Amino acid sequence: MVSTPATHDVTNQPPPLAPYDASDDAALLEGLRREGAGWAEEDLRRLGRLAGSAEAQEWADLANRHAPVLRTHDRYGHRVDEVEFHPSWHHLMRVAVAEGQAGAPWADDRPGAHVARTAGGLAWGHTDAGHGCPASMTYAAVPALRHQPELAKVYEALLTGREYDPVLRVPTEKRGLLAGMGMTEKQGGSDVRTNSTTATPTAEPGVYTLRGHKWFTSAPMCDVFLVLAQAPEGLSCFLVPRVLPDGSRNTFRIQRLKDKLGNRSNASSEPEFDGTVAWLVGPEGRGVRTIIDMVNCTRLDCVTMSATLMRKTLVEAGHHARHRSAFGARLVDQPLMRNVLADLALESEAATTLTLRLAGAADRAVRGDEGEQAFRRIATAVGKYWVTKRGPAFTAEALECLGGNGYVEDSGMPRHYREAPLLSIWEGSGNVNALDVLRALTKEPRTADALFAELALAQGADARLDAAVTRLRGLLASASETGARRLVEQMALTLQASLLVRHAPAPVADAFCATRLGGDWGHAFGTLPDSADVGAILGRALPEGG
């Protein structure tokens, strides 16, 4: 009898990536040490191995396949406004809070605590982006809440704790709290000063009742929210608990959950306030000024998650290319694929290096460094604009490295691709951040001084970088709203190049300056010049065999 080969023998397909170490990234580890958090390296490596484990990767997959469900009423007809999540979401959240991804750095006096958190996000974010939203808002709520010391005294220890306690009950009776934020409304979006939610003072000092409808309030299962509303003296910031001190539910009617392009593991909602009890945070009429500290923090987290998605999808693309063959050779050995992967590696390292520099500035700013405060003010908006803008194109190219395999849901790449545009939209779209840079340059001239002081640290090291700094000064002299995006793009590329020239190996810095500043580049990834040391770039970015 003649045997015939089985029709389903699988060959020339890569093995599963997991388990892998999500922290195995030279740019990440070097940045962690450089920005003052080298003491956290052992914890980062442990978290990176957990993030890349088969179990954690499955949590991420299941949390996105089984989206949260809104339950407005219980079986008896009582209004409860609760959101039910798959158990995998809670596993992810439990690790994130325990590992300091929420408010913990504010209770840590060690220099570099905020850098350690960002580095942890760059590793743990290899799982799922959605659960990073409530962790980010909780982290960002602490400095805003400190504008009202008596409220911070009640809630801060619970917001900065490391216990995840998802059950809704009186906040002060819980082991840990999560915080959300509610700023945007349907008629205004980013123009929050047009908000129509009203805040009416009660007989009790500092206590108000709110009436209105928010358009985007993510993570509605959080315990407390910072909300903007119109008080008698103007737009003001308020703390809204889901459960009141007497144990009764505050009026927080979730009208619906948003059906989003991505970020499906996380619930985004439209809550309605009607007699909702709230406590004033900061002075009346200073709501934007009060909550801006929160926005600065969440913008940094948008940069972090974009950089994380870049690194995650690069690792996936590199893994596929190492194990897939075509036309007689492994993909990773094919010259054009090597060019694509090396170009992606440059973009990823530039994003990671900038992210950690921003985290270092944030860490030193909260400790009173005025120069770092000015640098953080402008550079965070620049990074938010540029790195998040690069994410979708990067993720699409990384997906294409897998060919048709990358287009099917089982690969995980479509989920990352859908996630990528979110980071540019949330916490101010591209135009909002570009205009914010112009505003900082006009109203806070020391921010420009801080930026150029940073760029001066690399002066003379690369002629292309020096020329870019000169061009940037010329753009600043004629800055306008129409040209704001062009200006901010030049700022971002020049800043990234200066960091790489100072801190990255010569092949990385040289290729970045040649392409992003010198113009020796095409309009798509994979167009590095022949002079680029592709082997050195890949050996650094994909150490397992690039």
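For the numbers below, each heavy atom of this structure counts, side chains included, while hydrogens, waters and symmetry mates do not. Bear in mind that the values here come from a model prediction, so they are computed numbers and not experimental data.
- Between Arg169 and Asp165 there is a salt bridge, with a side-chain nitrogen of the basic residue lying less than 4.0 Å from a carboxylate oxygen of the acidic one.
- For the pair Thr515 (side chain) and Ala511 (backbone), a donor-acceptor distance under 3.5 Å is present.
- For the pair Arg364 and Phe375, the cation does not sit on the ring face, since its NZ or CZ is not both under 6.0 Å from the ring centre and inside 45° of the axis.
- Rounding to the nearest 0.5 Å gives a distance of 4.5 Å between CZ of Arg415 and CG of Asn64.
- In summary, the side chains of Gln57 and Glu55 do not present any donor paired with an acceptor at a separation below 3.5 Å, with no hydrogens or angles considered.
- A donor atom on one side chain and an acceptor atom on the other are found under 3.5 Å apart for Asp21 and Ser23.
- To the nearest 0.5 Å, atom CG of residue Leu341 and atom OG of residue Ser348 are 11.5 Å apart.
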(request) Test Arg377 against Glu444 for salt bridge (charged side-chain N to carboxylate O under 4.0 Å, His left out), laying out the working first. (result) CA-CA 9 Å; Arg377 169 68 182 89; Glu444 303 173 62; 3.1 Å; yes
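- Checked for salt-bridge contact, Glu99 and Arg46 meet the test: a charged N lies under 4.0 Å from a carboxylate O.
- Qualifying side-chain hydrogen bond (donor to acceptor under 3.5 Å, both in side chains) partners for Thr447, counting only residues two or more places apart in sequence or in other chains: none.
- Between the OG1 atom of Thr494 and the CG atom of Leu472 there is a distance of 5.0 Å, given to the nearest 0.5 Å.
- Inspection of the His131 and Trp59 side chains reveals no N or O donor paired with an N or O acceptor under 3.5 Å.
- Between atom NZ of residue Lys384 and atom CG of residue Asn433 there is a gap of 4.5 Å, rounded to the nearest 0.5 Å.
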(request) Give the intermediate values and the outcome of salt bridge (charged side-chain N to carboxylate O under 4.0 Å, His left out) for residues Arg357 and Glu454. (result) CA-CA 11 Å; Arg357 176 65 184 94; Glu454 178 76 14; 2.9 Å; yes
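- Figure legend: Lys214 and Phe216 shown without cation-pi pairing, the cationic atom not lying both under 6.0 angstrom from the six-membered ring centre and within 45 degrees of its axis.
- Looking only at distances, no side-chain donor or acceptor of Asn263 sits under 3.5 Å from a matching main-chain atom of Glu419.
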(message) Let's go through Asp462 and Arg502 carefully: what are the C-alpha distance in whole Å and the side-chain angles of both, what is the deciding distance for salt bridge (charged side-chain N to carboxylate O under 4.0 Å, His left out) to 0.1 Å, and is it a yes or a no?
(response) CA-CA 10 Å; Asp462 188 287; Arg502 290 164 57 200; over 6 Å; no
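- For the pair Arg485 and Tyr385, the cation-pi criterion (under 6.0 Å, within 45° of the ring axis) is not fulfilled.
- With contacts defined as side-chain heavy-atom distances shorter than 4.5 Å, the pair Trp386/Val488 does not qualify.
- Between Asp25 and Arg540, none of the side-chain N atoms (NZ, or NE/NH1/NH2) sits under 4.0 Å from a carboxylate O, so this pair counts as no salt bridge.
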(message) Could you go through Phe394 and Ser306, starting from their C-alpha distance and side-chain angles, then the distance that decides it, and tell me whether this counts as side-chain contact (heavy atoms from CB on, under 4.5 Å)?
(response) CA-CA 10 Å; Phe394 184 106; Ser306 287; over 6 Å; no
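- Asp301 and Arg117 are joined by a salt bridge, as a carboxylate oxygen and a charged side-chain nitrogen come within less than 4.0 angstrom of each other.
- Taking OG of Ser136 as the start and CD of Gln101 as the end, the distance is 9.5 Å to the nearest 0.5 Å.
- Contact annotation: the side chain of Leu346 approaches that of Leu528 to within less than 4.5 Å [non-hydrogen atoms, C-beta and beyond].
- Summarising the local packing, CD of Glu150 is surrounded by more than 12 heavy atoms from other residues, nucleotides or ligands at distances under 6.0 Å.
- Between Glu316 and Lys312, at least one side-chain N (NZ, or NE/NH1/NH2) sits under 4.0 Å from a carboxylate O, which counts as a salt bridge.
- A salt bridge links Glu156 with Arg146: the closest approach of a Lys/Arg side-chain nitrogen to an acidic carboxylate oxygen falls below 4.0 angstrom.
- Side-chain contact annotation: Ser265 with Asp128, donor-acceptor N/O pair under 3.5 Å present.
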(request) For the pair His114 and Tyr139, evaluate ring pair (Phe, Tyr, Trp, His ring centres under 6.0 Å) and give the outcome as yes or no after the intermediate values. (result) CA-CA 10 Å; His114 297 269; Tyr139 169 70; 5.7 Å; yes
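- Within 6.0 Å of CZ on Arg289 lie no more than 12 heavy atoms contributed by other residues, nucleotides or ligands.
- Taking Arg486 as the reference, nothing meets the side-chain hydrogen bond (donor to acceptor under 3.5 Å, both in side chains) condition, with sequence neighbours excluded.
- By the ring-ring contact (aromatic ring centres under 6.0 Å, His included) test, Phe238 pairs with Tyr208, sequence neighbours left out.
- Without hydrogens or angle criteria, Thr138 side chain to Ala179 main chain gives a donor-acceptor distance under 3.5 Å.
- At a threshold of 4.0 Å, the pair Arg439-Asp436 counts as salt-bridged, since one of the basic side-chain nitrogens sits closer than that to a carboxylate oxygen.
- A distance of 5.0 Å separates CG of Leu455 from OG of Ser498, quoted to the nearest 0.5 Å.
- Within 6.0 Å of atom CZ in Phe85, more than 12 heavy atoms from other residues, nucleotides or ligands are found, so the atom counts as buried in its surroundings.
- Between Arg516 and Glu347 there is a salt bridge, with a side-chain nitrogen of the basic residue lying less than 4.0 Å from a carboxylate oxygen of the acidic one.
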